[in-house]
2 protein chains.
Amino acid sequence: MERRTVAARIHDLDQALTAAGRRAARGLLGNYPLLGLAPVAEFAAAAGVSAATIVRFVAQLGFRSYPDFQRALREELEERSKSPLQRGASAPETEGDAAFLAAFLMRSARTLNETAAHIPAGEFETVCRRLSEPKRQCYLAGGRFTDFLAGYLEAHLRLVRPGIRRLDGRPATSADQLIDVRPGDIAVLFDVRRYDPALLETARTLARRKAHIVLITDAWLSPISRHARYCLPCRTETGRTWDANTALLALAEAIIARVTELSWETAKGRIGALEGD
Amino acid sequence: MERRTVAARIHDLDQALTAAGRRAARGLLGNYPLLGLAPVAEFAAAAGVSAATIVRFVAQLGFRSYPDFQRALREELEERSKSPLQRGASAPETEGDAAFLAAFLMRSARTLNETAAHIPAGEFETVCRRLSEPKRQCYLAGGRFTDFLAGYLEAHLRLVRPGIRRLDGRPATSADQLIDVRPGDIAVLFDVRRYDPALLETARTLARRKAHIVLITDAWLSPISRHARYCLPCRTETGRTWDANTALLALAEAIIARVTELSWETAKGRIGALEGD
DNA sequence: CAACTTCTGTAATAGGTGTTGCATAAAACC
DNA sequence: GGTTTTATGCAACACCTATTACAGAAGTTG
């Protein structure tokens, strides 16, 4: 028997799957791998297909029988549960390190919840509504380690609505890009500690032209906050060398999700056209 | 049916068990709970008793039948995989607009915890150690919506160690970039659903040149997983139009933090020199 | 629009599974 | 050490499960 995981096999088929087969795959991956350990009838009911389809599905995966398939899943599960066990045996000195990832991610998760607690719901909602008004031009920019966030937000907002402009970080070129800014236009700026002086300059110009600045920053507030109409502070502390930008991305994704909802009438056409299915 | 775990039930019986029954219990606890999901015959063979003993054993545990017992085990396993996220799930899920942000961020936090539960600690640690060996070249690349993650990781790793190369997404140029790849070099690839065909091609080339591929993907596993030596799946489900990449960023930051620790002797000088204070 | 191919659920079948009665072996108790 | 009680494995049984043939539905192609 091959060593590839069932999940990997499913992916190999991917295109080759029929409609019902795909539902079976989704069902299994959605509740992986437990659903596969249930009897066929239960698997079928949960996936919304007939028992026969499940059997054909596992046959397509390359298993000679359903029990065979279940055996593979159990072995896989066993492998998985053994790997974290090896850490104790093979590397006794790394006892503290074993939990590194879990501790780090748990801490990150906590910053998300703290962030939620520190941002007024009304402020968030207002920002999203502003961003959903297609008549306003929308400018995006970030600092050294946050520019990628502006890029990410840009990529998604472009799919949702027209009028998105990304601002280059360099002040010389940004001046050119700002000549068209009109009062009431909206600008989303990302800026975290070791705040970017160039971005502050950009913010000043935007404020002078009466653009509405949405500032996404850390808990210590970028100096841009003085010019910002809306300010969304995120938690970034990690107690390590680097601060974390996870909360900023999560906030950006929340904005994307909300704006997509609010602009759905406009967005659905655009997304369909660009995604192509 | 009671809600107590099977393991707890076994513990309760403990003294009341017969000799053969105890062997069954030991067998199950030694490979918990997977052995219980196997057919009776297999369970019996592994525990060194007869099938009949196994059936009596599960009856003693309070189950009406062996399938009943298996169902309980599956439900237990399902609970366990969900448990790390229930901690923060106390807020009223008012899907109204007021709580949108809080609900969204809480959900994101949950994906982080689920991600932590699904990535073997050993795998993460191994990847970080590989990344901390400065002799290996390190290549980075991402797909359409994840390229920014590669960029983010690149920006930080550059500060920590030499030999970081970012791969351009376009296959034409990437071929040129890959001619220097040597066996043992390491490549970190980000790929989430609507997997990038160009990136898959890049991965193939990397694999052909015996580079070690670290794949950071979603729960459905990019096709690149077939070529990856290490695979770190993240949760991305939001139940909305867009999947969330927050967990991928958090994982990237965890890698950055860990590699910085492991390479501290090298890193401290570089960071000081480049940050300039 | 028709002919064909492919897919999917239904229902009957075959095979395996869990179950249980019984004989035997082990242990406990006079 | 004999007798009773309990535990255990074997093997036949009954049930349920996976399997598959078939017919209808859905989608494709000319």
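Below, read A as the first sequence line, B as the second, and so on, with proteins coming before strands; counting in each chain starts at 1.
Note on Thr18(B): a side-chain N or O is less than 4.0 Å away from OP1 or OP2 of dT8(D). In this structure, Thr53(B) reaches the dG9(D) phosphate: one of its side-chain N or O atoms is under 4.0 Å from OP1 or OP2.
Atom-to-atom, CD of Gln60(B) to P of dT20(C) comes out at 15 Å; the value is rounded to the nearest Å. Here dT19(C) presents its C1' atom at 16 Å from CZ of Phe43(B), a figure rounded to the nearest Å. Rounded to whole Å, atom P of dT8(D) lies 10 Å from atom CG of Leu17(B). Counting to the nearest Å, the C1' atom of dT10(C) and the CZ atom of Arg56(A) are 10 Å from each other. Across the protein-nucleic acid pair, Gln70(B) atom CD and dC16(D) atom P stand 15 Å apart, rounded to whole Å. dT17(D) atom P lies 12 Å from atom CG of Asp68(B), rounded to whole Å. In this structure, Phe57(A) atom CZ and dT8(C) atom P are separated by 12 Å, rounded to whole Å. Per the geometry, OH belonging to Tyr66(A) stands 18 Å off P belonging to dC16(D), to the nearest Å.
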Sequence neighbours left out, cut at 3.5 Å: what donor-acceptor pairs do the side chains of residues 18-28 of chain A make with other protein atoms?
unit_1   : atom_1 : unit_2   : atom_2 : d
Thr18(A) : OG1    : Gly21(A) : N      : 3.2
Arg22(A) : NH2    : Asp14(A) : O      : 2.8
Arg22(A) : NH2    : Leu17(A) : O      : 3.0

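Listed nucleotides: dG9(D), dT20(D), dG9(C). Nearest to the side chain of Arg23(A): dG9(C).
Judged by closest nucleotide on DNA chain D, Ala19(B) is the one of Ala51(B) and Ala19(B) placed further toward the 5' end. Checking Val58(A) against Gly48(B), the closest nucleotide of DNA chain D that is more toward the 5' end is the one next to Gly48(B).
Between Tyr66(B) and Phe43(B), the angle of the ring planes lies from 30° to 60°, which puts this pair in the tilted group.
The shortest non-hydrogen separation linking Val259(A) to Cys128(A) is CG2-O, 3.8 Å.
Glu76(A) places a side-chain N or O within 3.5 Å of a backbone atom of Val6(A) that can act as its donor or acceptor partner.
Both tests hold for Arg9(A) against Phe63(A): distance to the six-membered ring centre under 6.0 Å, angle to the ring axis within 45°.
Using a 4.0 Å heavy-atom criterion, one finds that Ala52(B) contacts the bases of the nucleic acid, with or without backbone contacts as well.
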